[in-house]
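Worth saying up front: this structure is predicted, and the values here are computed from it rather than measured. Within every chain, numbering begins at 1; the chains are lettered A, B, ... in the order of the sequence lines, protein sequences first and strands thereafter.
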Amino acid sequence: MSSTPSTPVAPARYNFRETEAKWQKAWEERQTFHARMDKARPKYYVLEMFPYPSGRIHMGHVRNYTQGDVIARYKRARGFNVLHPMGWDAFGLPAENAAMEKKVHPKKWTYENIAAMKKQLKSMGLSLDWSREIATCDPTYYRHQQKMFLDFWKAGLAYRKEAWVNWDPVDNTVLANEQVIEGKGWRTGAPVERRKLTQWNLKITHFADELLERLDTLDRWPEKVRLMQANWIGKSRGARVFWQLTDASGAAPSGKDWGKLEIFTTRPDTLYGASFAALSPEHPIVAELAETDPGLQHFVAECRKTGTAAAEVETAEKIGYKLPLLAKHPLMPGKTMPVYAANFVLMEYGTGAIFGCPGHDERDHEFATKYGLPIIPVVMPEDADAKSFSVANEPFVEDGVIINSDFLDGLTVEDAKIKVIERLEEMGVGKGTTQYRLRDWLVSRQRYWGCPIPAIHCEKCGVVPVPEKDLPVELPEDVTFDRPGNPLDRHPTWKHVACPTCGGAARRETDTFDTFIDSSWYFDRFTSPKFATAPFDREENHYWMPVDQYIGGVEHAILHLLYSRFWTRAMRDVQMTSRDEPFDGLFTQGMVCHETYRAADGSWLLPEEVERLDGGKVVRASDKSPVEVGRSEKMSKSKKNVVDPDQIIHDYGADTARWFMLSDSPPERDLEWTEAGVTGAWRFQQRLFRIASEAVAELPAAGTPKPASFSDAATALRRAAHKTIAGVSADIEAFHFNKAVARLYELASTIDGLKSKDAADKWAKREALEIFVRLTGPMTPHLAEELWQALGHKSLLADSPWPLAEDALLVDDTVTVAVQLNGKLRGTLQLAKDAPKEEAEKAALALPELARGLDGKTPKRVIVVPNRIVNVVA
RNA sequence: GCCCCCGUGGCGGAAUUGGUAGACGCGCCUGACUCAAAAUCAGGUUUCCUCACGGAAGUGUUGGUUCGAGUCCGACCGGGGGCACCA
């Protein structure tokens with residue numbers, strides 16, 4: 001793609017390279033996008049999820065930031081004081097992997113990547129306030145994070161706990177529950193292992209109910225994300241029930257203090273159908289019994305071997321080990337049942353113990369069948385017969401009527417739950433309770449390139465906080481990556497420190513924080529990024545927060561978005577803010593996809609390595625060998641179906657890339673990147689430049705007073721232009737960028753189509769062109785700025801207000817009304833707007849097309865919807 | 001297994017939320033310009049019947065509600081996503 005330098009006199013072609021650089025420089029020099037607090041103006045905070053500095057931006061970034069930039073520029077034009085910052089999610093494992101592979105220090109690698117990506121982002125012409133740039137790996141950033149952690153610790157929101165945790169064997173670190181997907185590490189895809197470790201946790205479960213309830217108020221969040229979070233939190237109502245344990249003789253187990261076994265159930269209505277109790281292999285009672293029972297020890301070890309991968313779990317047989325115990329039924333005096341240790345009972349959920357009701361639970365049914373335990377029906381369908389109803393072959397898991405259950409008989413499941421909980425509470429053998437699936441957030445990571453956890457381990461004093469005056473705890477830079485594992489742990493001096501309490505020899509915590517902590521408050525930091533004495537200036541933060549529009553990928557629906565909601569609440573609880581929620585509006589954009597190409601030898605090919613022949617056949621460009629075209633998938637390095645944004649911006653310009661990103665595909669859906677689509681977008685930029693350049697010569701000067709009257713053609717153009725203002729505005733507000741683009745295409749054709757005959761026509765053409773240019777400002781800012789200047793304006797378009805639609809031009813005086821016969825279209829009618837029903841009916845019945853269809857029959861009924869349709873029923 | 005979303009031309013997608021289905025773009029076809037091609041411009045493009053005028057069918061399948069259904073309801077088929085031994 002060649003471009004000739006443009007001349008002001010007769011610009012044949014739009015020279016995007018020169019023009020884009022020119023306006024980027026102009027915006028930067030004038031600090032056009034620097035945000036300053038101004039309480040007299042309404043603020044608007046637009047934020048796109050900040051990138052990990054991998055080294056190069058990818059098309060997903062281009063799409064994400066283009067969308068955010070449209071909103072930011074649009075809101076600016078609408079008079080909002082816009083904050084639109086950018087920064088770097090700079091801690092993380094790829095830096096350590098690079099250190100191991102390429103012998104570069106993670107810090108150096110990260111900052112070099114940041115510089116490279118910043119340059120790329122700048123070439124996109126985004127309206128970002130770069131003066132607020134932050135990097136989470138900067139000690140001036142993470143020191144505040146350490147301070148907040150200490151505050152949370154003091155407030156009881158951070159604690160250490162020994163537990164079975166998920167260990168990623170590839171990254172050599174533990175992972176939070178949210179970071180294990182189908183039993184595999186979210187980054188590495190390696191099956192996680194179970195390890196028992198003492199780790200730092202943040203008490204997200206403290207806010208479980210609040211995090212769930214407040215989802216309802218996030219009405220500018222996608223329903224889908226709210227649903228996913230609700231499912232993740234997983235609230236269920238039920239009861240805790242206490243079962244007296246005895247040994248086989250009925251006596252209390254000798255010398256043991258297990259008095260009663262606590263179980264959680266969501267189906268207390270089926271208590272009378274209980275036929276066994278089962279404990280998790282990790283349950284303390286099991287552990288204690290195992291001490292003297294080699295068989296049990298063996299069983300527990302076997303259970304541990306089974307992985308947590310989805311496939312393994314699904315196929316794993318339900319196995320149990322009968323314990324030398326009996327459990328007394330809390331509601332049926334004299335009834336006892338066997339107690340098992342069972343592999344399917346999770347220690348992390350509920351109390352780590354269940355009662356089995358095989359008649360009404362698939363899993364319990366399988367277990368009972370295997371071990372020959374009784375299967376008693378206690379719920380049956382409303383129309384079934386209690387005497388003959390059987391669940392021997394299959395459990396009945398639906399709603400129904402309670403049977404064989406003493407005082408519960410005849411009740412519905414719902415009523416029985418209420419009544420049985422009342423009874424359990426009266427008798428002191430149980431109580432109604434709520435259980436959540438959500439677990440606390442495990443934040444320790446056995447890695448170097450992260451924020452150090454500000455804690456010190458002292459043999460005498462235990463775990464003590466690093467005194468605030470010693471913050472930040474900075475990462476040492478002299479570390480080695482010659483071996484796997486945590487370089488902090490093997491650093492010769494860093495971890496040795498005096499105990500802040502007793503002054504004795506102690507050692508630092510060598511784990512670092514999960515990097516999701518870094519991104520849980522960066523949006524707050526952007527409100528006052530240089531503030532030194534606290535994470536943020538309260539006044540600035542209060543002015544700018546919450547984020548009015550957050551934009552990012554749906555893959556963070558749970559992880560980042562839930563953590564951020566938690567962190568905001570934790571900050572609130574330690575009186576740092578009074579806010580509950582960080583993100584007022586959320587938009588999740590779709591992925592950028594591309595076809596995949598495979599050579600005959602099975603290797604993947606880059607799109608630029610293939611060639612499409614005239615017949616549609618696809619071959620390898622180098623040797624014309626056949627290429628197999630695969631379906632369109634998310635762009636990924638592994639399948640090589642990537643297009644480099646740098647290349648596109650170089651060949652076509654940022655505006656073309658932005659325009660294409662916004663055209664056609666609705667922003668929440670996946671976008672298919674095609675060469676044809678890009679060239680189409682590029683052609684439109686050129687066409688627009690041509691239309692405008694040709695018109696400029698004949699237009700009246702900017703600011704020429706409005707003529708008193710217009711020709712019909714001019715009025716039609718004015719109507720089209722003003723309707724486009726209203727339409728594009730509404731579309732941008734609703735994130736319907738593809739529709740806004742379609743409207744702009746239409747307006748461009750209409751403008752081009754008006755052959756100006758008189759001065760009023762020319763005035764209308766200038767008006768329409770100016771409107772057009774202003775409406776494209778948020779989407780293709782460079783070209784718009786260039787045309788704005790060409791139209792004779794001295795000010796920056798970026799500083800100009802959004803055009804205002806004249807109401808009178810938005811409504812037509814005549815409307816087209818469809819005429820139907822029995823619901824089928826027969827013709828159309830031009831009627832005055834808001835014409836009376838009678839008139840519409842009369843006109844419709846006079847329509848020849850209708851008379852022909854009616855064929856002499858008399859209409860039975862005529863339905864008139866004003867300004868829409870007339871339906872004649874015959 | 002449970003929960004959620006989506007099925008519209010050759011393709012990406014519109015359809016004021018129950019009121020003219022296919023806006024706009026891509027692709028394709030025809031024409032203009034050109035010695036020619038590219039680029040550009042003009043016109044056409046759901047399918048079927050008809051030279052045409054017109055007409056019929058049509059939004060995954062199927063049944064229903066309604067004067068009227070892409071839109072609402074039921075069943076089914078297909079695609080995608082989330083959760084998953086959660087008691």
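A donor N or O paired with an acceptor N or O is not found under 3.5 Å between the base of B:A23 and the side-chain atoms of A:Arg743. The base of B:C4 is not paired with the side chain of A:Lys224 by any donor and acceptor separated by under 3.5 Å.
Counted by atom type alone, A:Gln229 and A:Arg565 present one or more donor-acceptor pairs between their side chains at under 3.5 Å.
By the side-chain hydrogen bond (donor to acceptor under 3.5 Å, both in side chains) test, A:Lys837 is found to be paired with no residue, residues two or more places apart in sequence or in another chain being considered. Scored by the salt bridge (Lys or Arg N to Asp or Glu O under 4.0 Å) test, A:Arg363 finds A:Asp361 as partners (sequence neighbours excluded). With sequence neighbours excluded, the residues forming a salt bridge (Lys or Arg N to Asp or Glu O under 4.0 Å) with A:Asp752 are A:Arg690, listed by chain and number. The ring-ring contact (aromatic ring centres under 6.0 Å, His included) test applied to A:Trp186 returns A:Phe516, not counting sequence neighbours. Residues meeting the salt bridge (Lys or Arg N to Asp or Glu O under 4.0 Å) test with A:Glu668, sequence neighbours left out: none.
Under the 3.5 Å distance criterion, the side-chain polar atoms of A:Thr679 are matched with a main-chain donor or acceptor of A:Glu675. In terms of modelled atom types and a separation under 3.5 Å, the side chain of A:Tyr371 and the main chain of A:Gly320 share a donor-acceptor contact. Side-chain atoms of A:Thr588 never come within 3.5 Å of backbone atoms of A:Gly553 as a donor-acceptor pair (strictly under, hydrogens ignored).
Summarising the base pairing, B:U66 is matched to no nucleotide, lacking a Watson-Crick or G-U wobble pair whose two defining distances lie under 3.5 Å. Pairing for B:C2 goes to B:G82, judged as Watson-Crick or G-U wobble with the two contacts each under 3.5 Å. Using the Watson-Crick or G-U wobble rule with both distances under 3.5 Å, B:A52 pairs with nothing in any strand shown. When both pairing distances are held under 3.5 Å, B:C28 makes a Watson-Crick or G-U pair with B:G44. Look at B:C35: it lacks any Watson-Crick or wobble partner with both distances under 3.5 angstrom. Shown here, B:G7 forms a base pair with B:C77; the pair counts as Watson-Crick or G-U wobble because both key distances fall under 3.5 Å.
Applying the 90° criterion around 0 to the glycosidic angle, B:G82 comes out anti. B:U40 has its base anti relative to the sugar, with a glycosidic angle deviating from 0 by more than 90°.
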Margin query: Output one letter per nucleotide in nucleotides 6-14 of chain B: B when a protein non-hydrogen atom lies under 4.0 Å from the base, S when only the sugar-phosphate is that close, - when neither is.
Written below: ------BSS

Margin query: Does the protein touch nucleotides 67-74 of chain B at the base, only the backbone, or not at all? Give it as B, S and - per nucleotide, heavy atoms under 4.0 Å.
Written below: BS------

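At B:C41, one or more side-chain N or O atoms of A:Arg687 fall inside 4.0 Å of OP1 or OP2 (strictly under the cut-off). An OP1 or OP2 oxygen of B:G25 is reached within less than 4.0 angstrom by no side-chain nitrogen or oxygen of A:Tyr745. Within the structure, a side-chain polar atom (N or O) of A:Arg826 is placed less than 4.0 Å from OP1 or OP2 of B:A56.
Nucleotides of RNA chain B nearest to A:Gly352 and A:Glu849 differ in position, and the one nearer the 5' end is that of A:Glu849. Along RNA chain B, the nucleotide nearest to A:Leu825 and the one nearest to A:Asp752 differ in position, and the one closer to the 5' end is contacted by A:Leu825.
Within the nucleic acid shown, A:Val345 comes within 4.0 Å of at least one base atom, counting heavy atoms only. The residue A:Thr816 sits close to a base: some heavy atom pair falls under 4.0 Å. As judged by a 4.0 angstrom heavy-atom cut-off over every strand, A:Lys824 is placed among residues touching the sugar-phosphate backbone only.
One atom, CD of A:Glu733, and another, P of B:U16, lie 19 Å apart when rounded to the nearest Å. Distance, A:Glu223 CD to B:C5 P: 8 Å, rounded to whole Å.
Listed by first and then second residue, the salt bridge (Lys or Arg N to Asp or Glu O under 4.0 Å) pairs involving residues 737-747 of chain A are A:Asp731-A:Arg743 (not counting sequence neighbours). Residue pairs that meet the side-chain hydrogen bond (donor to acceptor under 3.5 Å, both in side chains) test with at least one member in residues 346-358 of chain A, sequence neighbours left out, are A:Arg194-A:Glu348, A:Ser236-A:Tyr349.
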N/O donor to acceptor pairs below 3.5 angstrom from side-chain atoms of residues 822-835 of chain A, sequence neighbours left out:
from, atom 1, to, atom 2, distance (Å)
A:Asn822, OD1, A:Ala874, N, 3.0
A:Gln830, NE2, A:Thr816, OG1, 2.8
A:Asp834, OD1, A:Asn867, ND2, 2.8

Identify every side-chain donor-acceptor pair in residues 264-279 of chain A under 3.5 Å, counting partners at least two apart or on other chains, and give the distances.
from, atom 1, to, atom 2, distance (Å)
A:Thr265, OG1, A:Arg267, N, 2.8
A:Arg267, NE, A:Asp269, OD1, 3.1
A:Arg267, NE, A:Asp269, OD2, 3.3
A:Arg267, NH2, A:Asp269, OD2, 3.0
A:Thr270, OG1, A:Arg267, O, 2.8
A:Ser275, OG, A:Pro374, O, 3.0

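Distance from the side chain of A:Ser236 is smallest to B:A87 among B:U20, B:C85, B:A87. Closest approach to the A:Ala818 side chain among B:U16, B:A87, B:U20 is made by B:U20 (side chain taken as heavy atoms from C-beta onward).
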Polar atoms only, N or O, under 3.5 Å: list the protein pairs with nucleotides 27-32 of chain B and their distances.
from, atom 1, to, atom 2, distance (Å)
B:G27, OP2, A:Arg683, NH2, 3.4

